[in-house]
Amino acid sequence: SKSGRWMTPAQYWRVRVHYPGFSVDYFFLDSNVFDAHPPTADPGHNMCNKIHNDWRAGCGEEGPKNLWDCPGWFQRLWDAQAKWFDKGLAESDTDWQIVVTHFPPSWGAQFWVDMAA
């Protein structure tokens, strides 16, 4: 980018890599839903909290309109990418499928247990 900052191709995406002898589908997921709670909730573990964010804060056209929209926006994003991820796993014919997220799988544990089943 012109700013020199690293930019991801999307909020969630997949890339296939062929190595000598095997292939991998890497799934990059936005797991911020697990840290997006109502603005009055725990300010230490809540990126949508009103203590560390101005109540008028928003993320422009691509994100939550304000703090009150924040948890729902991340939930809608998660719901859409979970469907995409499930379909991608079902269609993957690589030797390995690897998931990359910001938060460890203990955050949203039931989702990951269900995916592994």
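Keep in mind that what you see is a predicted model, and the values were worked out from it rather than measured.
No hydrogens or angles considered: a donor-acceptor pair under 3.5 Å links the side chains of Gln97 and Thr94.
Leu77 and Met115 end up in the same hydrophobic cluster when Ile, Leu, Val, Met, Phe, Trp and Tyr side chains are linked at under 4.5 Å. Cluster annotation: Leu89 is not connected to Val15 through the hydrophobic network of ILVMFWY side chains, with a link wherever side-chain heavy atoms come within less than 4.5 Å. Trp112 and Ile98 are members of different hydrophobic clusters when ILVMFWY side chains are connected at heavy-atom separations under 4.5 Å. Placement of Trp78 and Phe85 within a single hydrophobic cluster is found when ILVMFWY residues are connected by side-chain heavy-atom separations under 4.5 Å, directly or transitively.
The nearest pair of heavy atoms linking Met47 to Asn53 is O-ND2, 3.0 Å. Of all heavy-atom pairs between Gln81 and Tyr12, the closest is OE1-CB, 3.0 Å. Here the closest heavy-atom approach between residue Ala82 and residue Phe111 is recorded as CB-CE1, 3.8 Å. Residue Leu67 comes nearest to Lys50 through the heavy atom pair CD1-CA, 3.7 Å, listed as atom of the first residue, atom of the second, then distance.
Counting only residues at least two apart or on different chains, the salt bridge (Lys or Arg N to Asp or Glu O under 4.0 Å) pairs with a member in residues 16-38 are Arg14-Asp25, Arg16-Asp25, Arg16-Asp93. For residues 74-89, the pairs satisfying salt bridge (Lys or Arg N to Asp or Glu O under 4.0 Å) are Asp69-Arg76, Lys87-Glu91, with sequence neighbours left out. Residue pairs meeting the disulfide (SG to SG under 2.5 Å) criterion with at least one partner in residues 84-117, sequence neighbours excluded, are absent. Sorted pairs that involve residues 77-117 and meet disulfide (SG to SG under 2.5 Å), not counting sequence neighbours, are lacking altogether.
Heavy atoms from other residues, nucleotides or ligands lying under 6.0 Å from CH2 of Trp96 number 12 at most.
Among residues two or more places apart in sequence or in another chain, the ring pair (Phe, Tyr, Trp, His ring centres under 6.0 Å) test is passed with Phe74 by none. Taking Trp107 as the reference, Phe103 meet the ring pair (Phe, Tyr, Trp, His ring centres under 6.0 Å) condition, with sequence neighbours excluded. Under the salt bridge (Lys or Arg N to Asp or Glu O under 4.0 Å) criterion, Asp114 pairs with no residue at all, not counting sequence neighbours.
The ring of Tyr26 has its center no closer than 6.0 angstrom to the ring center of Trp13.
Judged by distance alone, the side chain of Ser31 and the main-chain N or O of Thr101 form no donor-acceptor pair under 3.5 Å.
Between Val99 and Leu29 there is a side-chain heavy-atom pair separated by less than 4.5 Å.
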Side-chain atoms of residues 36-46: list all donor-acceptor pairs with protein atoms under 3.5 Å, sequence neighbours left out, distances to 0.1 Å.
from, atom 1, to, atom 2, distance (Å)
His37, NE2, Phe34, O, 3.4
Asp42, OD1, Gly44, N, 2.9
Asn46, OD1, His37, N, 2.9
Asn46, OD1, Cys48, N, 2.9
Asn46, ND2, His37, O, 3.4
Asn46, ND2, Pro38, O, 2.8

Legend entry - Pair Phe27-Trp84, side-chain contact (heavy atoms from CB on, under 4.5 Å): steps then yes or no: CA-CA 10 Å; Phe27 293 87; Trp84 166 87; 3.9 Å; yes
